[in-house]
There are 2 protein chains.
Amino acid sequence: MDVFALAAMRMDHTNPTRPVPPTTVRRLSTYYRVLGAVHSEGQANVSSETLAVLTGFTAAQVRRDLAYFGSFGKRGVGYAVSALRQRLASILGIDRGWRIGLVGVGNLGRALMAYPGFNNQGFEVVAAFDSDAAVIGSTVNGTRVLSAGDLAHAVRVDRIDMVIVTVPARAAQKVVDQAVAAGVRAILNFAPTQLRVPAHVQLSNVDLAVEVEYLSYSLAV
Amino acid sequence: MDVFALAAMRMDHTNPTRPVPPTTVRRLSTYYRVLGAVHSEGQANVSSETLAVLTGFTAAQVRRDLAYFGSFGKRGVGYAVSALRQRLASILGIDRGWRIGLVGVGNLGRALMAYPGFNNQGFEVVAAFDSDAAVIGSTVNGTRVLSAGDLAHAVRVDRIDMVIVTVPARAAQKVVDQAVAAGVRAILNFAPTQLRVPAHVQLSNVDLAVEVEYLSYSLAV
DNA sequence: GCGTGTGAAGCTTTTCACAGCA
DNA sequence: TGCTGTGAAAAGCTTCACACGC
C-alpha cells in the first residue's frame, strides 16, 4: 500500500483526523450501551438531544464526540441508530473478540465474569485463574478456573490479549509481571495499588473506593 | 456564632478558599490510601515527589491538590504523614461513619461488602437488601440481608445516609426512587443505566464496562 | 424547519518554573 | 540545600451559537 492509499484511508472517516480526548472515548462506551436500548425499541434514528437525555451528557458533547470520527448524522434527522452502533463497536474495537484472562476468582472476579457486556459484547473471558485450591478446577460462568501458576503458559497458548486483575493488592504486581512477560498487551486493574508496566502495555485502573469517597466529600461540604 | 467567627473558620485552613476541582477530590482518595502504606512503613514525612511515584500522578499535581486545603507541608522536609492522613480523612468526610445501605447482594454487592476500606474505613454497611428469598435473612460479611421491600423503612430507622446500588439495570430506578423518598442523601450506582434523582441528592456512577472498552480502544488504534 | 458539524469563546485542569522558607 | 506553595502559561475540554445541508 502506497502513501496515497494510506492518506485516503485517513480521509474516509474511519480514522479520526484530530486527537480524540480520553474523556470522549469513555463516553463512547455509554453511547454504545444506550444505543442498544434505543435499537431494541425499534427507533431508526436518534438525535443528539435524545442521546443527551439518555446518557446524562449534553447534546453539544454528543455531537462533538461523534464528529471526531466523521460526519455520521443527517441534518434535520439525527443519527441512524443501527449504523452508529456498529460504527461505535468498530471504533472501540469491541467487534474484535478480545481474548481476556481474569485473575482472582473472588466475588469481584465472579461479578465481572457474569457482567452483561463483558463475556459477550466483544470480550471473551477465555480463562480464569486463582491461587485457592478450593476454586481451581471448578467452572465459573462456563470458564474453567486454572492455577495462578499457569498464567504465563495460558497467555501464550490461549493468545490472551488482556488481563483483568481482581486479586488482593499485595498479589497484583506479581500477576502483572507474569502476564506482561508472557506477552499481554493490556491490563485492567481493580486492586487498590499502583502497578508498574512497560510503556508498550496499556494499563487502566478502577478504584472502587474513589467514588464512595467522592460522595462522602460531597455530603461533607 | 457571629460573622467574624465564621470568617475565622474559613481562614483556618480547614475549608478551601478556592473551588476544588472534582479531579482533585478523586485524587485525594488515592493519597489517603497510599499514606496508609507509608505510615505503616514508619515514615514520618513524605515529599510530593514520593507521593507522585506511589500514586502515578505528578509531583506538581500533588502539591497543587494539597494546597487547596491549606499550607500543610514543610519546605525542605515534605508532609507529615500521620497528620496529613488524618486531615485527608476529615476533608473527605470519611471520619464521620457514614451509614450505608447496599441493595443487590449478588457477586458485586458481596465484593463491595468485603472490600477493604468500605465496611471499615469510615463507612459502615448497616443493612443489605435483596429481592431473592434464598438470600433474605442470611448474613453476609456480618450484615443481615433484608427484603428489598424493607428499604424505605430501614433508611428511616437505621438513618442510612447513602445507598449503593448493585442490582440489575432494570431494577435500579425503582430502588433509587424508594431510597430518595425515604430521605437518602447520596446514591452510588453500579447498574449500567442512567438514573434520575432530585437535585439535592448526590449521584455517582461507576460503569464497569467503560474502562475495558477504553483499553479495547487503546489496543485497536 | 430541524438538527448536525464546527469555529470561536470560555472554562477547567495541568504543567512550568521559581520565590521563599525550613 | 531541599522541597513547598503558587503565579503564570499552556494544554485540554466544554459550551455557545450559527452556517449549512437534509
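Throughout, protein chains are lettered first and strands after them, A, B, ... in sequence-line order, and every chain is numbered starting at 1.
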Tell me: [atom1] of [X] to [atom2] of [N], nearest whole Å?
X	N	atom1	atom2	answer
A:L51	C:dT4	CG	C1'	12 Å
A:R63	C:dC2	CZ	P	15 Å
B:D65	C:dT12	CG	P	16 Å
B:L84	D:dT4	CG	P	11 Å
A:N45	D:dG21	CG	C1'	15 Å
A:L66	D:dT14	CG	C1'	15 Å
A:R18	D:dG12	CZ	C1'	14 Å
A:E49	D:dC16	CD	P	12 Å

Is [X] close enough to [N] that one of its side-chain N or O atoms is under 4.0 Å from OP1 or OP2 there?
X	N	answer
B:R27	C:dT14	yes
A:Y68	C:dT4	no
B:T23	C:dT14	yes

- Query: Which part of the nucleic acid does A:P19 contact within heavy-atom distance under 4.0 Å: base, sugar-phosphate only, or nothing?
  - Reply: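 Touches nothing.
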- Message: Using a heavy-atom cut-off of 4.0 Å across all strands, would you classify A:S48 as base, sugar-phosphate, or nothing?
- Response: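 The residue A:S48 makes sugar-phosphate contact but no base contact.
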- Item | N/O donor-acceptor pair, side chain B:R64 with base C:dT14, under 3.5 angstrom |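 Between C:dT14 and B:R64, which were checked side chain against base, a qualifying N/O pair under 3.5 Å is absent.
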- Query: Can a donor-acceptor pair under 3.5 Å be found between the side-chain atoms of A:R75 and the base atoms of C:dG1?
  - Reply: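 No such pair is found, so the answer is no.
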- Query: On DNA chain D, nearest-nucleotide positions of A:K74 versus B:A60: which is more 5'?
  - Reply: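 In this pair, the answer is B:A60.
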- More 5' along DNA chain D: A:Q61 or B:G78, using each one's nearest nucleotide?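 Here B:G78 is the residue nearer the 5' end.
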- Task: Assess B:R87 against B:F69: is NZ or CZ under 6.0 Å from the centre of the six-membered ring, and within 45 degrees of the ring's axis?
- Result: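 So B:R87 doesn't make the cation-pi contact.
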Minimum-distance nucleotide (side-chain atoms of [X] versus [options]):
X	options	answer
B:S71	D:dG5, C:dT13, C:dT4	D:dG5
A:S47	C:dG3, D:dC22, D:dT4	C:dG3
A:T58	D:dT4, D:dT15, C:dG7	D:dT15
A:Y79	C:dT4, D:dC13, D:dG5	C:dT4
B:A67	D:dT4, C:dT14, D:dG5	D:dG5

- For the pair B:D65 and B:Y31, evaluate side chain to side chain donor-acceptor pair (under 3.5 Å) and give the outcome as yes or no after the intermediate values. CA-CA 10 Å; B:D65 286 343; B:Y31 301 141; 2.6 Å; yes
Heavy atoms, side chains only, cut-off 4.5 Å: are [X] and [Y] in contact?
X	Y	value
B:I187	B:Q202	no
A:R96	A:F123	no
A:V180	A:P198	yes

- Gap between atom CG of A:L188 and atom CG of A:L112 - 0.5 Å precision: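 The CG atom of A:L112 sits 7.5 Å away from the CG atom of A:L188.
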